[in-house]
Number of protein chains: 2
Amino acid sequence: MLEARLQDGVVLKKVLDALKDLINEANFDCNETGLSLQAMDNAHVALVSLLIKAESFDPFRCDRSLSLGISLTSLSKILKCSGPSDVLTLKASDQIDTLHIMFEGKDSERVSEFDLKLMDIDSEHLGIPDTEYDVCVNMCSLEFQRICRDLSVLGESVTIECSKESIKFSANGDIGSGAIQIKQGATIDEKKELTTTINVNTPVLATYSLKYLVNFTKATGLSDVVNLSISNELPIVVEYKVSELGYIRYFLAPKIGDDEE
Amino acid sequence: MLEARLQDGVVLKKVLDALKDLINEANFDCNETGLSLQAMDNAHVALVSLLIKAESFDPFRCDRSLSLGISLTSLSKILKCSGPSDVLTLKASDQIDTLHIMFEGKDSERVSEFDLKLMDIDSEHLGIPDTEYDVCVNMCSLEFQRICRDLSVLGESVTIECSKESIKFSANGDIGSGAIQIKQGATIDEKKELTTTINVNTPVLATYSLKYLVNFTKATGLSDVVNLSISNELPIVVEYKVSELGYIRYFLAPKIGDDEE
DNA sequence: TTGCGTGGAA
DNA sequence: TTCCACGCAA
């Protein structure tokens, strides 16, 4: 049995916006830790890992682990029916194959309730090794989104080159080429959490599909900040904080060899 | 001979937006009372009744009754050529088979004139009995629009259940089900005219096509408030005030039996 | 609130 | 292929 009440319901709306274009359906795993989801995208190229910790909810009750097979498309549609300041409550029981979703406006003068049919979804629980990465970059999420979007005009791939001094994004294609370089310590609006911070063990140089990175930046609304964890031989991790305590992480393997593709 | 000058020309623009998706062509009846229109929608399912009282215009002159067969699609296109604060004048004579439409900007520095060809349209003047309804609900038009749009994600039909305490809209379909309940007296923004007010003679429970209701809410821009008149056995009436003195009313029969459709 | 661009239907 | 309607952005 799950009961989880989220004061700021809009967070879940944003989470679904950040998932639904990549993944049509997935299992939400509920246990005492909170809600989590791990799934490959529809094309089985990228991996998405979501965690919303129990502490994000109040109350949060989940006495037994539950795996809820959810059509993210449908859940997203239902969440769009909530108002911008609604309180959201999720309920599920072991017996019933629906997820109950409730939105309450102020003073509960307006209450909307929905039941989403659950599905059986094969889950392929990929363990993600908790690795040390060659480089960790903390930067303004809007700026990262802008860079990916801008470079996608030029080509299909972006090459990320990162040293202690700076991170450089570059792309090239038929119409030309472009590169955007941000120095360690660069600030935006003088907000210090938006400072670009680069931690380097080993410099990296790797190439990724821009289409996927642009897709990952659908999560930009969730956090002002994005964290990039990069190694030469491992998938890049693009992480956004969710609701202070949780996260959504996207994993994408670098392109190898043939950099024209 | 008709001559009618509307200070706030944008009202007629909105009226046409509220009509044109439902009805392609109809007769505008002009007499000393004002302008009125009654027509079934293209699919002959819903009935629309429009009245703009003579007092809405200044001046309003109509010495003899006229029935103007108008392509609402075309009239809407012409009205889109007016500016947001233009004064609008309609003129028609008994002899000429065109409607003359004039837009004047402030100080008449800009005058646009159009002539719309009139058409012969068979009119089927359905008398609408002035009935007492089981339930009358007054609510925020934007909220009603939102509810209809939201529920249309789930299914084709909405069931409206209304008692003294509250009005409940519910729908269900392949992806699940949902219900939105608003209590008598619920307020929006503390504006008192937007308070949900429910007057009940007999509680009602009836089901309607969401596609049509969503279409009716095209009139939302005309008024902050919508009035629903509902009876178990009669078509629902969805009414928006037009220009203080007039109205646009939509009539839609409930679905009967087969509630799966 | 209006205009633009995209997606769906005829 | 064209037109219309809807959703998103300015």
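The figures that follow rest on heavy atoms only: side chains count, while hydrogens, waters and symmetry mates do not. In what follows, every chain begins at residue 1, and chains take the letters A, B, ... in the order their sequences are listed.
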Open item on the list: Within the 3.5 Å criterion, strictly below it, is a donor on Ser157(B) or Lys255(B) matched to an acceptor on the partner's side chain?
Closed with: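 There is such a pair between these side chains.
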Separation of [N] [atom2] from [X] [atom1] (nearest whole Å):
| X | N | atom1 | atom2 | answer |
| --- | --- | --- | --- | --- |
| Arg146(B) | dC6(D) | CZ | C1' | 16 Å |
| Lys77(B) | dA5(D) | NZ | P | 10 Å |
| Asn42(B) | dA10(C) | CG | P | 13 Å |
| Leu72(B) | dA5(D) | CG | P | 12 Å |
| Asp8(B) | dT1(C) | CG | C1' | 14 Å |
| Asp86(B) | dT2(C) | CG | P | 13 Å |
| Lys20(B) | dC6(D) | NZ | P | 8 Å |
| Asp17(A) | dC8(D) | CG | P | 9 Å |

Open item on the list: As a test of understanding, state which of Ile52(B), Leu50(B), Val238(B), Leu37(B) forms a side-chain contact (heavy atoms from CB on, under 4.5 Å) with Ile248(B).
Closed with: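 Of Ile52(B), Leu50(B), Val238(B), Leu37(B), side-chain contact (heavy atoms from CB on, under 4.5 Å) with Ile248(B) is met by Leu50(B) alone.
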TODO: Mind listing the closest non-hydrogen atom pair of Tyr240(A) and Phe216(A) along with its distance?
DONE: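 Scanning both residues completely, I find the closest heavy atoms to be CE1-O, 3.7 Å.
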TODO: Mark yes or no for whether Asp86(B), through its side chain, and Gly83(B), through its backbone, hold a donor-acceptor pair below 3.5 Å.
DONE: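 Yes: the side chain of Asp86(B) pairs with the backbone of Gly83(B).
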- [ ] Determine: side-chain N/O of Lys218(B) to OP1/OP2 of dA5(D), distance under 4.0 Å, yes or no.
- [x]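 Indeed not, no polar side-chain atom of Lys218(B) lies that close.
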- [ ] When you get a sec, tell me which of dA5(D), dC4(D), dG7(D) is the closest nucleotide to the side chain of Arg149(B)?
- [x]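 Closest nucleotide among those given: dG7(D).
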